[in-house]
Amino acid sequence: MSIRVLPDVLISQIAAGEVVERPAAALKEILENSLDAGATEIQIELEQGGVKRMRVSDNGCGIPRDELALALTRHATSKIASLADLEQVASLGFRGEALASIAAIARVQLSSRSASSDHPGAEHAWALQVEGGQLAEPTPVARGIGTTLDIQDLFFNTPARRKFLKTEATEYAHCAETVRRQALSHPDTAFVLSHNGRVLLRFNVATAAARVRQVLGEAFESNTVAVDAAAGALRVAGWVIRPGAATASRDSQHVFVNGRYVRDKLIVHALKEAYRDVLHHQLNPAYCLFISLPPDGVDVNVHPAKTEIRFRESRGVHQFLFHAVERLLAAPAAGEAGAVLPVPEGAVSPFAATTPWQTTMPLQVSPLQVNEAMAFYAPLAAHPSSGAPLAQGSGFGGQDSGMGVAPAARPLPEGGDAPPLGYAIAQLHGVYVLAQNAQGLVLVDMHAAHERVVYEKLKAALDARAVPAQTLLIPVALTVDARDAAEISPHLDALRDIGFELSITSPTSVAVRSVPWLLKNADPVELTRAVLHEAAEFGVMRLLAERRNELLATLACHGAVRANRQLALPEMNALLREMEVTERAGQCNHGRPTWFQVSLKELDAMFMRGR
Ligand code: ADP
Ligand code: MG
């Protein structure tokens with residue numbers, strides 16, 4: 001075959017392969033056109049999953065008679081005129097190929113009445129018929145200002161494509177998802193979707209929050225925390241799941257950049273990282289995020305369907321999103337059911353997301369709590385090398401905690417100034433702490449909660465380069481693999497910086513002289529073996545650099561109070577107080593929840609008790 005230039009219709013049919021792979025993809029393009037035209041009402045009627053018929057009417061600015069044919073012509077657009085425009089795209093569309101592609105593979109009628117009256121034919125609406133790319137002459141029709149695109153028999157002339165279509169129900173479901181996405185990012189526009197004559201979705205004009213509730217449901221709203229952060233012109237607003245409510249599904253990850261729904265690996269990664277410390281690895285975060293930045297900060301012209309984008313400052317965007325969400329989740333009560341953090345108005349600080357927590361739920365320190373904490377920490381606070389408060393005791397002093405006879409559980413003070421997690425009442429089966437707070441009952445998994453407390457303290461101590469060590473009265477000797485001893489021997493100073501003073505006493509034996517003070521109640525042999533084990537696997541250098549948090553998590557697990565250890569009430573209260581000031585206290589180091597609130601309302605409902 002010799003080289004030839006393809007006919008226009010065939011070019012459009014080829015382009016349609018990329019842009020219109022299924023009815024939902026055509027619908028997305030059409031909805032974007034309506035939104036670009038400023039529509040505040042969009043009505044969508046589908047038949048047979050959109051394959052038989054797709055009719056979209058809007059009340060946007062309309063198209064003048066003389067431009068109807070152009071709208072259906074390839075590379076014809078009203079949205080950009082120059083390369084400079086392309087680098088600043090503010091509209092959803094700009095490629096000028098969607099309508100031409102659709103018109104090449106379906107029977108299309110475009111009817112419209114323009115809002116502007118200074119062009120020929122402005123006195124009424126006009127309709128243009130196209131079939132297989134062949135345009136007819138416009139004819140006058142009756143309709144108000146706006147546009148209707150009526151598409152029948154999608155893929156009628158491209159049977160190969162038709163074969164790839166799924167069932168009617170599946171194609172409809174994709175179309176509905178497309179409408180829901182556009183609705184999420186355009187709360188100022190009303191949407192009505194009907195299928196085979198029945199209205200199945202209806203979204204009225206609403207605020208952003210109300211629209212999210214309409215589209216994603218009340219459960220999404222109550223299981224998420226609001227985020228709103230900005231750094232210069234870069235801003236993120238929206239909702240992220242409470243770690244305790246996360247599931248394995250990735251379906252609920254909605255991201256919009258300048259109003260455009262996108263699937264972006266960078267954003268997904270930033271969010272996954274932000275949850276790393278609080279989410280079990282088999283679970284995925286759910287979120288609905290609206291990111292905005294100046295149009296020239298993002299290249300939207302990298303993908304025919306425009307769902308992939310490229311940020312100019314991708315690293316900066318990644319860091320910004322990561323920090324905004326990570327900080328929000330670090331707030332001690334982020335995992336708490338029912339503690340919705342409001343979106344601050346006009347937030348400007350990149351970490352504004354953490355502010356509402358501080359203003360709506362201050363950690364009240366009553367004199368009683370201070371006394372109790374002082375008594376509890378007295379033997380610990382005397383330690384010579386304890387610097388920053390976070391580097392202090394782990395909350396469980398073991399034998400030296402100075403505990404007397406366990407006092408009775410404390411009643412809640414009047415006037416609502418009880419601490420957020422309340423006061424301990426009892427320990428259950430050696431595993432759970434029961435406490436009572438203003439809302440009702442609090443259940444704590446004491447090992448999981450303490451593990452997080454110790455972990456966060458270890459991290460803080462290491463960040464502050466102040467890891468006090470506890471010298472053992474008698475050094476402990478342990479037999480090790482010769483390779484493990486060889487691996488650690490050049491790094492004994494680095495290990496001392498994290499509190500482990502070890503010496504190699506023979507090619508196969510190590511003596512432990514000190515362990516991190518925060519872990520002094522743990523078994524020194526077990527702790528050292530854990531370090532050696534990880535060092536053997538990753539090497540000491542990697543272990544102390546990129547594997548550092550994993551190592552600290554392992555150590556924290558060894559250092560945390562074990563099940564079946566009897567705790568006295570002041571110990572339990574001390575744990576509750578520690579949890580209140582510990583970042584990410586809602587999840588243990590493995591992402592499991594550490595505590596639950598059972599409200600009085602829930603208890604009443606359980607007992608069918610009306611109040
Ligand atoms: P693009 O959106 O990339 O410009 P399209 O092929 O989707 O390309 O549309 C071509 C042109 O038709 C648009 O630039 C716009 O001027 C016009 N158009 C399409 N749909 C509408 C609509 N619903 N209301 C007003 N104008 C429309
Ligand atoms: Mg378009």
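Numbering of ligands and ligand atoms starts at 1, following listing order.
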Whether Asn33 has an N, O or S atom under 2.8 Å from the Mg ion (ligand 2): yes
Glu131 with Arg107: basic N within carboxylate O range, under 4.0 Å: yes
Carboxylate-amine/guanidinium proximity below 4.0 Å for Glu583 and Lys459: no
Pick out the protein N or O atoms lying less than 3.5 Å from any N or O of ligand 1, and list each pair with its distance.
from: ligand 1; atom 1: 2 (O); to: Asn33; atom 2: OD1; distance (Å): 2.9
from: ligand 1; atom 1: 2 (O); to: Lys79; atom 2: NZ; distance (Å): 2.7
from: ligand 1; atom 1: 3 (O); to: Phe94; atom 2: N; distance (Å): 2.9
from: ligand 1; atom 1: 3 (O); to: Arg95; atom 2: N; distance (Å): 2.9
from: ligand 1; atom 1: 3 (O); to: Gly96; atom 2: N; distance (Å): 2.7
from: ligand 1; atom 1: 4 (O); to: Thr77; atom 2: OG1; distance (Å): 2.6
from: ligand 1; atom 1: 6 (O); to: Ala98; atom 2: N; distance (Å): 3.3
from: ligand 1; atom 1: 6 (O); to: Leu99; atom 2: N; distance (Å): 2.9
from: ligand 1; atom 1: 7 (O); to: Asn33; atom 2: OD1; distance (Å): 3.0
from: ligand 1; atom 1: 7 (O); to: Asn33; atom 2: ND2; distance (Å): 2.8
from: ligand 1; atom 1: 8 (O); to: Gly96; atom 2: N; distance (Å): 3.4
from: ligand 1; atom 1: 14 (O); to: Thr77; atom 2: OG1; distance (Å): 3.3
from: ligand 1; atom 1: 14 (O); to: Ser78; atom 2: N; distance (Å): 3.0
from: ligand 1; atom 1: 14 (O); to: Ser78; atom 2: OG; distance (Å): 3.2
from: ligand 1; atom 1: 16 (O); to: Ser78; atom 2: OG; distance (Å): 2.5
from: ligand 1; atom 1: 20 (N); to: Asn33; atom 2: ND2; distance (Å): 3.4
from: ligand 1; atom 1: 23 (N); to: Asp58; atom 2: OD2; distance (Å): 2.8
from: ligand 1; atom 1: 24 (N); to: Thr147; atom 2: OG1; distance (Å): 3.3

Side-chain donor-acceptor pair present, Asn196, Glu168, cut-off under 3.5 Å: yes
Within 6.0 Å of CD in Glu137, more than 12 heavy atoms from elsewhere: no
Aromatic plane relationship, Phe322 with His318 - under 30° parallel, 30 to 60° tilted, over 60° perpendicular: parallel
Between side-chain atoms of residues 283-299 and protein atoms elsewhere (two or more places apart, or another chain), which donor-acceptor pairs fall under 3.5 Å?
from: Asn284; atom 1: OD1; to: Lys272; atom 2: NZ; distance (Å): 3.1
from: Asn284; atom 1: ND2; to: Ala248; atom 2: O; distance (Å): 2.8
from: Asp299; atom 1: OD1; to: Asn301; atom 2: N; distance (Å): 2.9

